[in-house]
Participant: 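A single structure is presented below for examination.
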There are 2 protein chains.
Amino acid sequence: MQFSKSTAYGLHALMLLAKSERGRNVGIKELSSSLGASESYLSKIMSKLRQDGLVRAVTGVNGGYELARAASEITFLDVVQVLEGRQHLYECFHGSDHPLPSLEAAGDEPETPEFAFGEGCPVKQVMDAAELQMNRYLQQHTIQSALNQAGSCDAHTASKK
Amino acid sequence: MQFSKSTAYGLHALMLLAKSERGRNVGIKELSSSLGASESYLSKIMSKLRQDGLVRAVTGVNGGYELARAASEITFLDVVQVLEGRQHLYECFHGSDHPLPSLEAAGDEPETPEFAFGEGCPVKQVMDAAELQMNRYLQQHTIQSALNQAGSCDAHTASKK
DNA sequence: CATATAATGGACATTACAGGTCCATAATAA
DNA sequence: TTATTATGGACCTGTAATGTCCATTATATG
């Protein structure tokens, strides 16, 4: 299990947009050369971010992208959910369309002492709660807060032009 | 990003082993029929769990698997790390062998105000910390605790044979 | 010892999906 | 009108997850 590269690219792209002066559009060329990603691939990612309302895009000359709202209002969770999808990280096998284990044996097979799968499943409860811990953290951190963090302990590269 | 099916199978297999009487070996046939997985596939998973010391296996007649230590000493994190690997969930693209963005421009291009990637990267700091939140939760929950949880709110299926 | 049982590990097949490219189209500023 | 720039569809590719098969090893039992 790994976060996709798309998420890494998306997060970094938003960091760049947050840094650029407000009102100025940043083109895909600039973004892709800064991040070392191809224009075609990165534009797919930016497109998703736009569809979900995280960035605005304007086509044509001097077009490009800018944040759709303040960097302090864009959480890491927002970005992750757009680029990784909103399904749960954990599913008890056969994504719920599968009949429960004890269907043909209506009580005559004592050697299958099964707990409930799917929703009531204690394994799923733990895994979902674990995911929640992570998501809560991601929701508490924004593009802006990460930017501040970078500015404080990493001031040498964050020189303001 | 999703947990693999292997993790789901592995966790449930351990739950079954924890339920079975101590000292009794549970064979792959029994496990696979209970979980609805093929014997061949599930045995691969069990093999991994054995190599990492979570279960013991004995070959031959009456052989099978049992927990290598108390169910209360096997955390969800243990299982996840065996079956998902121990790499970080997040990597800043091109796993650190890539030169930093500002290499050809030794100070003459003010339009690439880049922060450090890799270790110092503020994005990675947030993502790693988020992962840590999840892992901490997984470490605090064990096969035994999940079993208890199941017993309390799901007692109808957890009848002791 | 012989036999049935059962896990192991290697090799291999299959599938799904992330990663990545290309191109035709639409929108916009100059 | 033209150059620029994002969009979205189609498509290709590599790799990892999933899954099967088989020969081997180990063990209990008769």
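Order of the sequence lines fixes the chain letters, A, B, ..., with proteins taken first and strands second; residue numbering starts at 1 for each chain.
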Participant: Within less than 4.0 Å of OP1 or OP2 of D:dT13, is there a side-chain N or O belonging to A:Y41?
Facilitator: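 No, outside the criterion.
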Participant: How many angstroms lie between CZ in B:F76 and CE in A:M127, if you round to the nearest 0.5 Å?
Facilitator: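 One finds 7.0 Å between CZ of B:F76 and CE of A:M127.
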Participant: Say you draw a straight line from CD of A:E131 to CG of B:L138; how long is it, rounded to the nearest 0.5 Å?
Facilitator: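 Taking CD in A:E131 and CG in B:L138, the distance rounds to 10.5 Å.
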Participant: Side chain of A:K29: nearest nucleotide among D:dG19, D:dT18, D:dT5?
Facilitator: D:dT5
Participant: Going by side chain to side chain donor-acceptor pair (under 3.5 Å), name the residues that satisfy it together with A:T75, two or more places apart in sequence or in a different chain.
Facilitator: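 A:T75 satisfies side chain to side chain donor-acceptor pair (under 3.5 Å) with A:D78 once adjacent residues are dropped.
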Participant: Can you measure A:M46 atom CE to D:dA6 atom C1' for me and round it to whole angstrom units?
Facilitator: 11 Å
Participant: So if I take residues 78-89 of chain A and measure heavy-atom distances to DNA chain D, which residues fall below 4.0 Å?
Facilitator: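 Residues of residues 78-89 of chain A under 4.0 Å from DNA chain D: none.
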Participant: Please list residues of residues 49-57 of chain B whose heavy atoms come under 4.0 Å from any atom in DNA chain C, ordered by number; otherwise none.
Facilitator: B:R50, B:Q51, B:A57
Participant: Does any non-hydrogen side-chain atom of B:R136 lie less than 4.5 Å from one of A:Q133?
Facilitator: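 No - every pair of side-chain heavy atoms lies 4.5 Å or more apart.
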Participant: Which two nucleotides bound the region of DNA chain C that has atoms under 4.0 Å from heavy atoms of chain A, read 5' to 3'?
Facilitator: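 Extent of the interface on DNA chain C: C:dG19 to C:dA30.
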Participant: Between atom OG of A:S32 and atom CD of A:E39, what is the distance when rounded to the nearest 0.5 Å?
Facilitator: 4.5 Å
Participant: Please determine whether side chain to side chain contact (heavy atoms under 4.5 Å, CB included) holds for the pair B:K48 and B:I45, giving the CA-CA distance in whole Å, both sets of side-chain angles, and the decisive distance to 0.1 Å.
Facilitator: CA-CA 5 Å; B:K48 275 194 188 179; B:I45 296 168; 5.8 Å; no
Participant: Classify the side-chain pair B:Q139/B:N135 by whether it contains a donor and acceptor separated by less than 3.5 Å.
Facilitator: no
Participant: D:dC22 C1' sits how many Å from B:E39 CD, rounded?
Facilitator: 14 Å
Participant: Specify the separation, in whole Å, of atom NZ of A:K44 and atom C1' of D:dG8.
Facilitator: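 Value for this atom pair: 6 Å.
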Participant: Say you draw a straight line from CG of B:L35 to NZ of B:K5; how long is it, rounded to the nearest 0.5 Å?
Facilitator: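 Answer for the CG-NZ pair, B:L35 versus B:K5, is 13.0 Å.
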Participant: OP1 or OP2 of D:dG19 less than 4.0 angstrom from a side-chain nitrogen or oxygen of B:S40, does that happen here?
Facilitator: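 False: B:S40 side-chain N/O out of range (4.0 Å or more) of D:dG19 OP1/OP2.
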Participant: Grab the CE-P distance between A:M1 and D:dT18 for me, whole Å please.
Facilitator: 12 Å
Participant: Does a distance-only test, which skips hydrogens and angles, find a donor-acceptor pair under 3.5 Å between the side chain of B:K5 and the base of D:dG19?
Facilitator: no
Participant: What's the separation between atom CD in A:Q81 and atom OG1 in A:T7, rounded to the nearest 0.5 Å?
Facilitator: 11.0 Å
Participant: Looking at A:E66 and A:L17, would you say the former's side chain and the latter's main chain have a donor-acceptor pair under 3.5 Å?
Facilitator: no
Participant: Distances under 3.5 Å between protein N/O atoms and the N/O atoms of nucleotides 27-30 of chain D, please, pair by pair.
Facilitator:
{"unit_1": "D:dT27", "atom_1": "O2", "unit_2": "B:V61", "atom_2": "N", "d": "3.4"}

Participant: Relative to each other, are the rings of A:Y41 and A:Y9 parallel, tilted or perpendicular (30° and 60° limits)?
Facilitator: perpendicular
Participant: State which residues pass side-chain contact (heavy atoms from CB on, under 4.5 Å) with B:K44; sequence neighbours excluded, sorted by chain then number.
Facilitator: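 Residues passing side-chain contact (heavy atoms from CB on, under 4.5 Å) with B:K44: none at all.
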Participant: Is there a side-chain contact between B:V126 and A:L11 (heavy atoms, below 4.5 Å)?
Facilitator: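 The answer is no; the side chains never approach within 4.5 Å.
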Participant: Please tell me if B:S4 has a side-chain N or O lying less than 4.0 Å from either OP1 or OP2 of D:dA16.
Facilitator: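 Checking B:S4 against D:dA16: no side-chain N or O falls below 4.0 Å of OP1 or OP2.
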Participant: Please give, in whole Å, the distance from D:dA6 P to A:L42 CG?
Facilitator: 10 Å
Participant: Report yes or no: does A:E84 contribute a side-chain atom to a donor-acceptor pair with the main-chain N or O of B:M1 at less than 3.5 Å?
Facilitator: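 Pair found, side chain donor or acceptor close to backbone of B:M1.
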